[in-house]
Amino acid sequence: MARSRWTSYSLTALACVLVYVALLWPNVLRRLTLGSFARIPIEFAAGILVMALLPRRPRVVLGTVLGAGLGWLLIQKSLDMGWFKTLARPFDIVLDWELFDDTYSYIRDSYGQAGAYAAAAGLVLGGLAVMALMAWAVRRMSDMLARNRRRSMFTAAGVATAWMLTLALGVQVVPTVPVAARTSVTYAYDRARQAGRGIVNKARFADEVKVDAYQNTPRRQLVSGLQGKDVILTFVESYGRNALEAPELAPGTAAVLADGDAKLKAAGFSAKSGWLTSPTFGGNSWLAHSTLLSGLWINNQYRYRSLTASDRLTLTSAFRDAEWDTVSVMPGATRAWPEGAFYGYNRIWDSRNLGYQGPKFSWAQMPDQYTLKKFTELEYGKKDRRPLMVEMPLISSHTPWAPIPTFMDWDKVGDGSIYRGMAAAGTKKADIWTSADKVRTEYGKSIRYTLTTLIDWVREYGDDDLVLVFLGDHQPASVVTGDNASHDVPITIVAKDPAVLDRIDSWNWADGLKPTATTPVWPMDSFRDRFFQAFGSTPGTP
């Protein structure tokens, strides 16, 4: 009998602790400390009072509903932790559900099908278990409160009094963390407002996508300043401002760019560089691609889906309509990409038809050097072709940054078989993701590899008509950048014809492959219009 009584007391105590922890659970990983729980949640006092006074049936119903709701808040705060850590923003309850499909694909490509199944099952079952556990905890706690109504009311009054006193006096056990907490109420209110903004955002974007100053401009007029040129637009995965300015990364990146400047100048090329602010951070590269190409701010999946279902003019479709041969090279794509029709590509090369016979390098289906070499063979090196307009993401610097390929002589690349030993002997994901310092080190190596490869490709294969635009899609995840990093990414235009760079003199970009701290920063969605203005037949006007 005593044992069952103590078991009952223990379960009730556990329920109270679970409710208390859930009320104070933070939504940012760095706040998950003991100090975050040395606080008084005002919701605790209100909940004690309400549950103590309600009759049994409404108490059971309300307890179940509130418990499940508290469980959902716990799940959403945990999702926020992951979103903040990788994308530097909270989870959007209206707009972010579609991203789970891409997350599943990333896990499958990086850790295998079994890992993807396990992650999906864990997410669904774990979420249901949390909500069920919190519903049980609130109901058990409410039963205890109802059995001791007098004590419960005194307890509620004591908690409320302590909360008001600590609020009035500004009491803090941990610096900057007030003891008087309004965590769950404030959080739920903020998320409700976020959901409302998301719904309004959807309605507004449907009109925004239709407004385009260049929609009726003759396409040849938009890009006439590049007549006869091969325009290659290359996104370098995770190439962010951090790679050029973080103390532990900047020296290595700067050395590669300085060496590249010298090599390109010797080959007759010049370059100018600036900064763009990406709509995304740490991932979701396609949002940056669509923002740059469309001239619209695409910062969530709904905007992306709405954009690609429209007839919005893009950089690539403008070139296609002006008689360029438009090509997409997507080494990371493993399945059909219907959005290619929206962008206006005549052909799409991806991992299924690029002929790669080597191993994957974690998420990356093939090394960037192979991609560039194959592109040269399939498209750029052909004789008697039309001028090309190409979009080509380079992916060797994609997280998890292990293993990383090594640059080699171009003649050795072949069908990619040479990479088998390199991938097997390379650094493993498990060896670096135990330490943020190791992750940053390998990230830096991956950026240097891709920049080295791209610059050397220009030196080796670039001709008089090449115009290369390369830029980052977004900053790497916060494990590399730390918290509160900007969304800025470098962008560079390389050309042999001086008339090309003369057209962007008014942009005030820095000479060479590296922008400076004082180089202007533009939002990424402004690039399309600035590009049309610079390279159109009447620069500076729509």
Side-chain angles (χ1 to χ4, degrees), residues 226 229-241 243-245 249-275 329 331 366-377 379-381 388 390 392-397 404-414 418-419 422 443-472 489-505 507 509-516 519:
L226 294 168
K229 304 297 184 187
D230 295 310
V231 181
I232 299 177
L233 177 63
T234 301
F235 288 91
V236 177
E237 173 65 37
S238 299
Y239 180 37
R241 189 164 190 152
L244 298 180
E245 294 185 346
L249 298 172
T253 309
V256 169
L257 295 177
D259 181 64
D261 261 327
K263 289 180 177 178
L264 292 183
K265 286 178 181 177
F269 289 91
S270 298
K272 286 184 178 292
S273 299
W275 301 108
V329 183
M366 62 193 70
D368 292 337
Q369 190 173 8
Y370 178 87
T371 300
L372 286 163
K373 182 65 183 296
K374 198 66 178 180
F375 160 68
T376 305
E377 295 172 358
E379 298 285 355
Y380 187 72
L388 291 169
V390 180
M392 177 168 42
L394 296 176
I395 59 174
S396 288
S397 50
I404 301 166
T406 302
F407 180 76
M408 65 181 73
D409 290 340
W410 292 95
D411 292 339
K412 295 181 179 179
V413 173
I418 193 172
Y419 290 105
M422 191 184 299
Y443 162 76
K445 289 180 182 178
S446 73
I447 291 294
R448 294 195 295 273
Y449 164 76
T450 296
L451 292 177
T452 297
T453 301
L454 183 59
I455 293 166
D456 200 75
W457 179 84
V458 176
R459 182 196 62 79
E460 181 76 16
Y461 297 104
D463 62 21
D464 293 351
D465 293 324
L466 174 65
V467 177
L468 172 68
V469 182
F470 73 90
L471 69 154
V489 297
I491 179 170
T492 298
I493 297 181
V494 179
K496 185 170 282 190
D497 183 353
V500 173
L501 297 185
D502 287 346
R503 281 182 170 259
I504 64 170
D505 271 344
W507 292 3
W509 282 13
D511 291 330
L513 300 175
K514 181 177 178 292
T516 68
T519 303

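Index from 1, following the sequence. Model, not experiment: these values are computed from the prediction.
- Contacts of W457 classified as side chain to side chain donor-acceptor pair (under 3.5 Å), with partners at least two apart in sequence or in another chain: T376.
- In this structure, the side chains of Y239 and T450 stay at 4.5 Å or more apart for every pair of heavy atoms.
- Here I504 contributes atom CD1 and W507 contributes atom CH2; the two are 5.0 Å apart, rounded to the nearest 0.5 Å.
- A search for side chain to side chain donor-acceptor pair (under 3.5 Å) contacts involving S397 returns nothing, not counting sequence neighbours.
- Annotation: side chain of P490 is not in contact with side chain of F470 (no heavy-atom distance under 4.5 Å).
- For T406, the side-chain contact (heavy atoms from CB on, under 4.5 Å) test picks out M422, with sequence neighbours left out.
- Across D465, L466, V467, V494, a single residue satisfies side-chain contact (heavy atoms from CB on, under 4.5 Å) together with V500, and that is V467.
- Residues V469 and I491 are in side-chain contact: their nearest non-hydrogen atoms beyond the backbone lie under 4.5 Å apart.
- A distance of 6.0 Å separates CH2 in W410 from OH in Y461, rounded to the nearest 0.5 Å.
- At a threshold of 4.5 Å between non-hydrogen side-chain atoms, the residues V390 and L233 do not count as touching.
- With sequence neighbours excluded, the residues satisfying ring-ring contact (aromatic ring centres under 6.0 Å, His included) with F235 are H289.
- Residues meeting the side-chain contact (heavy atoms from CB on, under 4.5 Å) test with S270, sequence neighbours left out: L501.
- Residues passing the side chain to side chain donor-acceptor pair (under 3.5 Å) test with K514, sequence neighbours excluded: none.
- Every residue two or more places apart in sequence or in another chain that forms a salt bridge (Lys or Arg N to Asp or Glu O under 4.0 Å) with K263 is listed here: D259.
- The OG atom of S273 sits 11.0 Å away from the CG atom of L471 when rounded to the nearest 0.5 Å.
- Across every non-hydrogen atom of M392 and I232, the tightest pair is CE-CG2, 4.1 Å.
- Of the possible polar contacts, none joining the E237 side chain to the P393 backbone as a donor-acceptor pair under 3.5 Å is found.
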Step by step, work out the side-chain contact (heavy atoms from CB on, under 4.5 Å) result for S446 and Y443. CA-CA 5 Å; S446 73; Y443 162 76; 4.2 Å; yes
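- Applying the side-chain contact (heavy atoms from CB on, under 4.5 Å) test to D261 and every residue at least two apart in sequence or in another chain returns L513.
- In this structure, the side chain of T519 does not engage the main chain of P515 through any donor-acceptor pair within 3.5 Å.
- Using modelled atom types, one finds no donor on one side chain facing an acceptor on the other under 3.5 Å when comparing D368 with T453.
- Atom CD1 in I395 sits 11.5 Å away from atom OG in S238 (nearest 0.5 Å).
- In terms of the side-chain contact (heavy atoms from CB on, under 4.5 Å) criterion, residue partners of D505 (sequence neighbours excluded) are, by chain and number, K272, D502.
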Worked check of side-chain contact (heavy atoms from CB on, under 4.5 Å) between V489 and V236: CA-CA 10 Å; V489 297; V236 177; over 6 Å; no
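- For Y370, the ring-ring contact (aromatic ring centres under 6.0 Å, His included) test picks out Y356, with sequence neighbours left out.
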Using the side-chain contact (heavy atoms from CB on, under 4.5 Å) rule, take I455 and L264 through it: C-alpha gap first, then chi angles, then the decisive distance, then the call. CA-CA 8 Å; I455 293 166; L264 292 183; 4.0 Å; yes
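- Rounding to the nearest 0.5 Å gives a distance of 12.0 Å between NZ of K412 and NZ of K373.
- Listed by chain and number, the residues in a side chain to side chain donor-acceptor pair (under 3.5 Å) with Y380 are D463 (sequence neighbours excluded).
- Applying the salt bridge (Lys or Arg N to Asp or Glu O under 4.0 Å) rule to pairs touching residues 450-459 yields D456-R459, sequence neighbours excluded.
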Could you check Y419 against M366 for side-chain contact (heavy atoms from CB on, under 4.5 Å), going step by step and ending with a plain yes or no? CA-CA 9 Å; Y419 290 105; M366 62 193 70; over 6 Å; no
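- Distance check: L468 CG to K496 NZ gives 13.5 Å after rounding to the nearest 0.5 Å.
- For the pair L249 and L244, the minimum side-chain heavy-atom distance is 4.5 Å or more.
- When atom types are taken as modelled, the side chain of T253 and the backbone of A250 share no donor-acceptor pair closer than 3.5 angstrom.
- Between L451 and L257 there is a side-chain heavy-atom pair separated by less than 4.5 Å.
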